[in-house]
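One structure below.
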Amino acid sequence: MELALAEARAAKAAGEVPIGCVIVHEGDVIGRAGNRTLAERDPTAHAEMLAIRQAAVSLGSERLADCDLYVTLEPCTMCAAAASFARIRRIYYGASDPKGGAVDSGVRFFDAPTCHWRPEVYPGFGEQAAAELLKDFFRLRR
């Protein structure tokens, strides 16, 4: 999670919402990113989406079945769906997102009967540090 937090800090330094993600396969980092929605002018350029794309290229496969995803904020519906489609094995996330989260909040994507793949989910990893990054970022914006 420390690497995901570093990605979140880099995103914050670039003026992006400070969310970071790392994907690990057999102990190796094969995808890592911070949010880049502003820089890329792309609403899908969430940290998870970018890291999943990198990991798929790294493995040469759209299936990331033996991979674990570490992200600083509870994934939104789009990112949860992408993790499901990629067959991510486990998701570890930091802070909960009652407004936009879709794992343990909101739509609870993985609990839907139409969800084809449900990763193991572990909330609260690095929660305090992730939450502080977000609070500081938005406090400065308001």
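On a predicted model such as this, the values are computed, not experimentally measured, just so you know.
- At least one donor-acceptor pair under 3.5 Å links the side chain of S61 to the backbone N or O of R63.
- Taken together through direct or relayed side-chain contacts under 4.5 Å among Ile, Leu, Val, Met, Phe, Trp and Tyr, L73 and Y93 form part of one hydrophobic cluster.
- Taking all atoms of both residues into account, the shortest heavy-atom contact from A8 to G20 is CB-N, 3.5 Å.
- In terms of heavy-atom proximity, A51 sits nearest to A33 at N-CB, 4.0 Å.
- Remark: E62 CD to R53 CZ distance equals 15.0 Å, nearest 0.5 Å.
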In residues 121-137, what donor-acceptor pairs under 3.5 Å come from side-chain atoms, sequence neighbours left out?
{"residue": "Y122", "atom": "OH", "partner": "E120", "partner atom": "OE1", "Å": "2.4"}
{"residue": "D136", "atom": "OD1", "partner": "R139", "partner atom": "NH2", "Å": "2.4"}

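- In terms of heavy-atom proximity, F109 sits nearest to C115 at O-CB, 3.5 Å.
- Taking SG of C21 as the reference point, atom CZ of R32 lies at 10.5 Å (rounded to 0.5 Å).
- For the atom pair SG (C76) and CE (M49), the distance works out to 8.0 Å, reported to the nearest 0.5 Å.
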**Q.** Verdict with supporting geometry, E48 and I91, side-chain contact (heavy atoms from CB on, under 4.5 Å)
**A.** CA-CA 11 Å; E48 301 96 306; I91 295 176; over 6 Å; no
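- Here the side chain of N35 pairs a donor or acceptor atom with the backbone of A47 at under 3.5 angstrom.
- V17 and L50 fall into different hydrophobic clusters, where Ile, Leu, Val, Met, Phe, Trp and Tyr side chains are chained together by heavy-atom contacts under 4.5 Å.
- Heavy atoms only, all atoms of each residue included: E7 and G34 are closest at OE1-N, 3.5 Å.
- I23 and M1 fall into different hydrophobic clusters, where Ile, Leu, Val, Met, Phe, Trp and Tyr side chains are chained together by heavy-atom contacts under 4.5 Å.
- Between the side chain of R90 and the backbone N or O of D68, no donor-acceptor pair lies under 3.5 Å.
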Q: Go through the steps to decide whether R9 and E2 satisfy the test salt bridge (charged side-chain N to carboxylate O under 4.0 Å, His left out), and finish with yes or no.
A: CA-CA 10 Å; R9 289 183 197 100; E2 214 32 66; 3.7 Å; yes
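- The shortest side-chain heavy-atom distance between E16 and T37 falls under the 4.5 Å cut-off.
- Cluster annotation: Y92 is connected to V24 through the hydrophobic network of ILVMFWY side chains, with a link wherever side-chain heavy atoms come within less than 4.5 Å.
- In the hydrophobic cluster analysis, where Ile, Leu, Val, Met, Phe, Trp and Tyr join through side-chain heavy atoms closer than 4.5 angstrom, L69 is grouped apart from L5.
- Between the side chain of W117 and the main chain of A86, no donor-acceptor pair closer than 3.5 Å is present.
- D97 meets the salt bridge (Lys or Arg N to Asp or Glu O under 4.0 Å) test with no other residue; sequence neighbours excluded.
- Across A4 and V22, no two heavy atoms sit closer than the pair N-CG2, 3.5 Å.
- Counting heavy atoms from C-beta outward, E74 and D104 have side chains that approach closer than 4.5 Å.
- Between C67 and L59, some side-chain heavy-atom pair lies under the 4.5 Å cut-off.
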